[in-house]
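Note that the structure is predicted; figures quoted are calculated from it, not measured. Numbered from 1 within each chain, the chains take letters A, B, ... in sequence-line order.
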2 protein chains.
Amino acid sequence: MAVTIRDVAERAGVSVATASRVLTGSRNVSPVLAERVNTAARSLGYRHNAVASALRRGRTNTVGMIVPEIGNPFFPSIVEAVERRLQESGRDLFLCDAQQDVTIERRRARALADRQVDGLIIVPVSATESRATLAEAVQRTPVVQVDRYVEDYPADWVGVNDELGVGLAVEHVVSLGATRIAFVSASLDSSSAQQRYAGFERVVKRHGLPGDTPRLLGTFRAEWGRSAALQMLAEQPLPDAVVCGNDEIAIGLLGEFRRCRIRVPEDVLVTGFDDIRFAQLADPPLTTVRQPGEQLAAECIRLLDARMIDRDLPVQRVAIAPSLVVRESTGGSS
Amino acid sequence: MAVTIRDVAERAGVSVATASRVLTGSRNVSPVLAERVNTAARSLGYRHNAVASALRRGRTNTVGMIVPEIGNPFFPSIVEAVERRLQESGRDLFLCDAQQDVTIERRRARALADRQVDGLIIVPVSATESRATLAEAVQRTPVVQVDRYVEDYPADWVGVNDELGVGLAVEHVVSLGATRIAFVSASLDSSSAQQRYAGFERVVKRHGLPGDTPRLLGTFRAEWGRSAALQMLAEQPLPDAVVCGNDEIAIGLLGEFRRCRIRVPEDVLVTGFDDIRFAQLADPPLTTVRQPGEQLAAECIRLLDARMIDRDLPVQRVAIAPSLVVRESTGGSS
DNA sequence: CACCTATGGGTAAACGTTTACCCCTTCTCG
DNA sequence: CGAGAAGGGGTAAACGTTTACCCATAGGTG
C-alpha cells in the first residue's frame, strides 16, 4: 500500500489537515510543525496522489491537447511551444493524436474531459465533422482551437491568417514574373485547406491571371506532392510556379521534379507553407510562409487562461499575420 | 454541478450500486433495470467521472509515454504505432515531451505517476542521467523503455539492435569500395548514440580500415549534420563515405554537401539511421537503417502488459534486428 | 419439506485529498 | 481589564465511484 498523507500526519504527530496545509502551502503553519511534516514525508517517501487531489479540488493542473496527426511535423513544433508555456505556470500537458480521424478525435476529447483536464487545446481534424466533438468539449471544459477551426461554431481560436499567407506566396511568385500558377494542397476538409485555397484564388483573380492552371487537392502529405507533380508533368505545359498548401507537399513535389529533371527555380518556382524544420534543408531550400509557433502558443495559452477565469467571455478569434521566408526554390538569395 | 451517478440512479429509481453495475457492466443486472438506467443516463447527459473512478479502482486505463523530443521525427512514428496498439485494448495514451532535459523528464514522469497511469513507456533522454527518474518510476508503476535505455539498471527494454544496424551500413559502404569512412553522430549521452558508435568502430576495425577518419559527435539534429559537413570539408581529403547516427544528421549533411557542390554518391557515400518519412525525399534519397516502428510498438505493449500482470517478472530486453534500405545516397537503384 | 445455491438487488464503506467550520490561544487597543 | 481580531491547530464532511457485504427471492435436490 502506498503511503498516504494520513501516514505522514501520524508520523509527524499532527492532524491530516496540518499535513495537507504544509504539503500544499495552502495556509500558514508554524515552522516547527512544517519541518516535522516535511521530514516525515521525505522519510516515508510520500508521493502526492494527484487523482485524489483532483477529485476533491475539481482541478488537475493539466491541460489536454489533441492534434490531427503527430506525424505531420508542423504540429510537434506547436506542441513544443505550448508545452514550454505551460511549464511556466507549473501545468502539465497531455497530448493525444487523432490519427486524422474524427471518431478517434472524439474519443480522445472525451478521455481528456473524463479525466477533468482544466482545459483543452485542439487542432480540429475537420471544419465540419469535428463540430459535434468541439461542442461537447466546450460544455465540459474551456477549449481553444489552434491553427484550424470548426466552421459555424463559436469557440476561441488562434492561428495564422492562412488566406493572407498564401496571398503572400502568390504575390511573391507574381512579382518574379509568374503568370501561370498552379496550386497543390489538401482537399477542403479543414479550415486551413479552405482558407489557403481561398487566398490563392483571391490573389490570382486580383491579378487577372489565367484560371485554368491546375488546382490539385489531395492530402497534406509528401506523397500527394509527388503524385501531383507527376500529374502536372503529364499535362504539359508546366506552370510557371506551384504554390503548395504546406511544406510537406512542396517537399514531395520537389523530390519528384528532381527525379524528372525539372529544375527548380529555373523551370518552375515552388513555395510551401508552415516553415517546418526540413523546409530549409530541402533541395532547393524552400520558400515558404512561416507560422510563428511561439507566438501562436503564447496567444493560445492566454486565451485558454482567460476562458478558464470566465467561461462567459465573448468568443475570441486571433489571427496572426504570417511572414514570407524567401529561399532558393523561388530563386531567393542563399 | 455536473450530473453524477447518484442522479442517474435516482432518475432510474434504482440504487447507485445498480446504476454503477449497469454503466460499467461489472455484474449482471436485470434487462429492465439496465434499460431504465441507460435511458436515465442518456437523458441526463451523464458523463463518467474518470477521476473518481480511478481513485476508487486504482486504475486509470491510461498509459503514459515520455519521449526525449517530439520534434525529432523518429519519435512521432513510434508514438503513432503505440497509440494504435493501445486503442485495440481501449486504453488511452498521454504523451509528454522531455525537451531533451532530464529535469523536465523527471517532472513528466512524476506527473504521470502522480496521475496513476497504469504503465509508463519511456525513451530515456540519457543513458546515465535518466537513471534516477527511471528507478523512481519503476517503484511506482510498470515501465518499459523503448529505443533507448538507461545503463546499469534492470528494466524492460525493446528496441532495435543499434550496434548491428550501424554495422549493416558500414558493411554496405565497404562493399561499395569505401575504405576511408567517417562517422557523424550524437555525443554518447544516450544508449543509441553509444551503441551506434560501437557498431561503427567494431566493423571498421574488423575490416582493418584506417582509424584516423573523422568521428564527429554532436547532436541528433540536422544543424549538427551541416556543421559536421563543413568541418570535414575544411580538413581535406573528404572520406569515401559518411555513416551518420540518424537521418536528420544525414539530411543536414546532404544539404551542406549540396551547397558546396560535393556530389553524393559520386564524391562521397552517405548513410542515415531510422528511415524517417523524409529519408526517401532527401536529395539524393537516403540509404538508411530502418527501424520497424510497428513491431517495436507491438513488442513494447506486450512487455508492458506482461509487467502489469506480474511486477516480479524477470527483466526482459528485446532487441529487434533492423534492416538496411538502400537508396541513391549510396548509388542504390531507383 | 428442509436445505442449499444462484441471482439480483441495496447499504454503506472505502479510495486519499482538501477545506469548511470550529476552537483555543495570544495579541492589540481602547 | 475586556472586547475583538488574528493566527494556528483539529474534526470531519465532502468529491463521485466501486465493491464488499448483506438480504430476499426463486429454483433445485434429496
How about Val37(B) and Leu23(B): do any of their side-chain heavy atoms sit closer than 4.5 Å?
yes
Under a 3.5 Å cutoff, is there a donor and acceptor pairing between the side chains of Ser15(B) and Thr18(B)?
yes
Under the side-chain contact (heavy atoms from CB on, under 4.5 Å) criterion, do Val143(A) and Leu134(A) qualify, and how do the steps go?
CA-CA 8 Å; Val143(A) 178; Leu134(A) 180 64; 3.7 Å; yes
Mind checking the CG-CG spacing from Asp118(A) to Leu304(A)? Nearest 0.5 Å is all I need.
9.0 Å
Kindly compute the distance separating OH (Tyr153(B)) from OG1 (Thr128(B)), expressed to the nearest 0.5 Å.
15.0 Å
Using 0.5 Å steps for rounding, measure from the CD atom of Glu80(B) to the CD1 atom of Ile70(A).
8.0 Å
Using a heavy-atom cut-off of 4.0 Å across all strands, would you classify Ser20(A) as base, sugar-phosphate, or nothing?
base
Quick one: Arg36(A) CZ to dG9(D) C1', roughly how many Å, whole number?
12 Å
Can you tell whether the side chains of Arg140(A) and Asp114(A) come within less than 4.0 Å, N to carboxylate O?
yes
Protein-nucleotides 4-13 of chain C N/O pairs closer than 3.5 Å?
residue: dG8(C); atom: N7; partner: Arg27(B); partner atom: NH2; Å: 3.4
residue: dG9(C); atom: OP1; partner: Ser30(B); partner atom: OG; Å: 2.5
residue: dG9(C); atom: OP2; partner: Ser30(B); partner atom: N; Å: 2.8
residue: dG9(C); atom: N7; partner: Arg27(B); partner atom: NH2; Å: 2.5
residue: dG9(C); atom: O6; partner: Arg27(B); partner atom: NH1; Å: 3.3
residue: dG9(C); atom: O6; partner: Arg27(B); partner atom: NH2; Å: 3.0
residue: dG10(C); atom: OP1; partner: Ser15(B); partner atom: N; Å: 3.4
residue: dG10(C); atom: OP2; partner: Ser15(B); partner atom: N; Å: 3.2
residue: dG10(C); atom: OP2; partner: Ser15(B); partner atom: OG; Å: 2.8
residue: dG10(C); atom: OP2; partner: Thr18(B); partner atom: OG1; Å: 2.2
residue: dG10(C); atom: N7; partner: Arg21(B); partner atom: NH2; Å: 2.7
residue: dG10(C); atom: O6; partner: Arg21(B); partner atom: NH1; Å: 3.4
residue: dG10(C); atom: O6; partner: Arg21(B); partner atom: NH2; Å: 3.2

Return the value, rounded to whole Å, for the distance between atom CZ of Arg57(B) and atom P of dG16(D).
18 Å
Do Arg115(B) and Phe94(B) form a cation-pi contact, if we require the NZ or CZ to be under 6.0 Å from the six-membered ring centre and within 45 degrees of the ring's axis?
no
From the set dT17(C), dG16(D), dT19(D), return the single nucleotide nearest to any side-chain atom of Leu55(B).
dG16(D)
Rounded interatomic separation in angstrom, taking CZ from Arg47(A) and P from dT17(C)
12 Å
Rounded to whole Å, please give me the gap between NE2 in His48(A) and P in dC15(C).
17 Å
Rounded to the nearest Å, what distance is computed from the CZ atom of residue Arg115(B) to the P atom of nucleotide dT17(C)?
14 Å
Annotated structure of DNA chain D as dot-bracket, pair cut-off 3.5 Å, Watson-Crick or G-U only, | for inter-strand, is ||||||||||||||||||||||||||||||
Arg59(A) atom CZ is separated from dT17(C) atom C1', nearest whole Å, by 14 Å
Round to the nearest Å and state the distance from Glu10(A) atom CD to dG16(C) atom P.
14 Å
Whole angstrom value for the distance that separates P of dG16(D) from OH of Tyr46(B):
10 Å
Taking the side chain as everything from C-beta on, heavy atoms only, tell me whether Trp157(B) gets closer than 4.5 Å to Leu303(B).
no
